[in-house]
Visitor: 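Mind looking over this structure? Questions follow.
Each residue takes its place number in the sequence, starting with 1.
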Amino acid sequence: MSAPAPAAVRPSVVQAVARGRRRRSSRRLLVAVALAVLAVAAFAVTLMAGQTFYPPGDVLGVILGERVPGASFTVGRLRLPRGVLAVVAGFSFGLAGVTFQTMLRNPLASPDIIGISSGASAAAAIAIVSLSLGGTQVSVLAIVSALLVALLVYVLAFRDGVVGTRLILIGIGISAILDSVTSYALSRAGDWDLQEAMRWLTGSLNGTTWDQVLPALVALAVLTPVLLSRAHDLSAMQLGDDTGAALGVRVERTRITVIVAAVGLIAFATSAAGPIAFVAFLSGPIAARLVGAGGSLLVPAGLVGALLVLVADFAGQFAFDARFPVGVVTGVLGAPYLIYLIVRTHRAGGSL
């Protein structure tokens, strides 16, 4: 008796694979649309609600440039730049965080963990406390420092390629050193400089102006297409460098490109809003739970980041008896998850 012809079996297998891909693609699109709708709704709430409530018509009028008594100042000068920066910083942190986690195949490979945010924070603390700088000068130093720290971590971790675990451990070590530098700078600060430095280091959207928003917005507009264009290569690299190379990915070129783009997003977002804790760390895992297996998480993670910052900032302003910066709220959310992740990895017998 002859074996079944492969041609008789192949169509059903191909159809099953195609159906699975369509289902995953449909789910990913549905999740992205739902997250975008939620982010738009949260953004609208941040513009309308506060000590004074303004109806949607007044808010829309302000956005369109009309003169609306009361709302023109409160919405146009205070709430609108704050809300836009929340979206820009959240999307930047989420997109950059999931890029590192995907490339290094480790949920701990977040800018919060591997020293990039610590580099920006240390530079900002020194600039404010020791150099008596402020505004744009602090932002520029924070951006340059984040880029230099990322380069240092990459160079120290490089040995016939970059292994995720080695890069993470080196990043944690450098982060500890930089955190010590930050603490030393703060210990020598006067009262006024200490308040200014702590406001920046905590991660805050208080007093946001368009001068802070525009550089981060431009960076997001320029660097997001770079990362999205590498989404397929990143997915292939999740299978390992050798497999990725066999699939036609130029591994080192792709890695350098996405690191520069992701660090750029982190640096500009941090320079505008401070190192808002754990947004880069949380966005990818949350997006992965929502989207499921398969496909790129870049856009869903960015949308989760934007939604996290919008909700956390609004909660910090109005959900408690006192007002808290957005970084305090996200820190409360992120720290327990970090502990849970480490404990789960340890119990599973895995390594970082």
Side-chain angles (χ1 to χ4, degrees), residues 38-39 41-54 59 70-71 73-90 92-94 112 117-118 120-122 124-125 128-129 134-135 138-139 142 179 182-183 185-210 212-213 216 269-283 286 304-340:
L38 289 174
F43 180 71
V45 169
T46 63
L47 298 185
M48 292 186 294
Q51 297 294 339
T52 303
F53 179 84
Y54 294 98
V59 172
F73 176 79
T74 304
V75 176
R77 296 282 297 277
L78 301 179
R79 296 181 187 175
L80 186 58
R82 183 179 188 134
V84 172
L85 183 57
V87 172
V88 170
S92 297
F93 285 130
D112 300 297
S117 298
S118 296
S121 299
I128 293 170
V129 173
V138 174
S139 298
D179 288 343
T182 302
S183 298
L186 294 178
S187 70
R188 298 171 59 85
D191 291 343
W192 175 259
D193 288 339
L194 181 61
Q195 292 179 26
E196 180 65 19
M198 289 305 299
R199 187 195 69 82
W200 198 96
L201 294 172
T202 303
S204 174
L205 302 178
N206 294 338
T208 299
T209 65
W210 288 113
Q212 295 171 258
V213 176
T270 301
S271 71
I276 302 177
F278 292 119
V279 176
F281 177 61
L282 288 172
S283 299
I286 292 174
V304 168
L307 185 59
L308 274 175
V309 176
L310 283 166
V311 173
D313 184 52
F314 190 80
Q317 291 183 79
F318 304 111
F320 308 100
D321 292 336
R323 292 198 172 194
F324 296 101
V326 61
V328 172
V329 181
T330 58
V332 169
L333 295 174
Y337 179 76
L338 175 60
I339 296 172
Y340 159 75

Visitor: Applying the side-chain contact (heavy atoms from CB on, under 4.5 Å) criterion to V309, which one of V304, V279, V329 satisfies it?
Guide: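 For V309, the side-chain contact (heavy atoms from CB on, under 4.5 Å) test succeeds with only one of V304, V279, V329, which is V279.
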Visitor: Grab the two heavy atoms, one from R323 and one from F318, that are nearest each other, plus how far apart they are.
Guide: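 Residues R323 and F318, closest heavy atoms: NH2-CE2, 3.4 Å.
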Visitor: Using every non-hydrogen atom in the two residues, find where F43 and L310 come nearest and quote the distance to one decimal.
Guide: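 In terms of heavy atoms, the two residues are closest at N-CD1, 3.9 Å.
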Visitor: Just to verify, which of T209, T46, T208, D313 counts as forming a side chain to side chain donor-acceptor pair (under 3.5 Å) with R82?
Guide: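 The single option meeting the side chain to side chain donor-acceptor pair (under 3.5 Å) with R82 is D313.
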Visitor: When you look at L308 and I276, which way does the side chain to side chain contact (heavy atoms under 4.5 Å, CB included) test go after all the steps?
Guide: CA-CA 11 Å; L308 274 175; I276 302 177; over 6 Å; no
Visitor: Measure across A197 and L186 and return the closest heavy-atom pair with its distance rounded to 0.1 Å.
Guide: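 Answer, listing the atom of A197 first, then L186: CB-CD2, 3.6 Å.
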Visitor: Please find the pair of heavy atoms, one from T330 and one from A312, that lie closest to each other, and give the distance.
Guide: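 Of all heavy-atom pairs spanning T330 and A312, the closest is CG2-CB, 3.7 Å.
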Visitor: At what distance, to the nearest 0.5 angstrom, does CG of L85 lie from CH2 of W210?
Guide: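 Going from the CG atom of L85 to the CH2 atom of W210 covers 9.5 Å.
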Visitor: Which heavy atom of S117 sits nearest a heavy atom of P275, and at what distance?
Guide: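 Closest approach of S117 to P275: CB-CB, 4.2 Å.
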Visitor: Among residues at least two apart in sequence or on other chains, which ones pass side chain to side chain donor-acceptor pair (under 3.5 Å) with S118?
Guide: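 If we apply the side chain to side chain donor-acceptor pair (under 3.5 Å) test to S118, skipping adjacent residues, the hits are S175, D179.
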Visitor: How long is the straight-line distance from OG of S187 back to CG of L194, given to the nearest 0.5 Å?
Guide: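 Going from CG on L194 over to OG on S187, the span is 10.0 Å.
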Visitor: Distance from Q317 atom CD to L205 atom CG, nearest 0.5 Å?
Guide: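 The distance works out to 8.0 Å.
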Visitor: Indicate the atoms forming the closest heavy-atom contact of P336 with G331, along with that distance.
Guide: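 Nearest heavy atoms, P336 then G331: CD-O, 4.4 Å.
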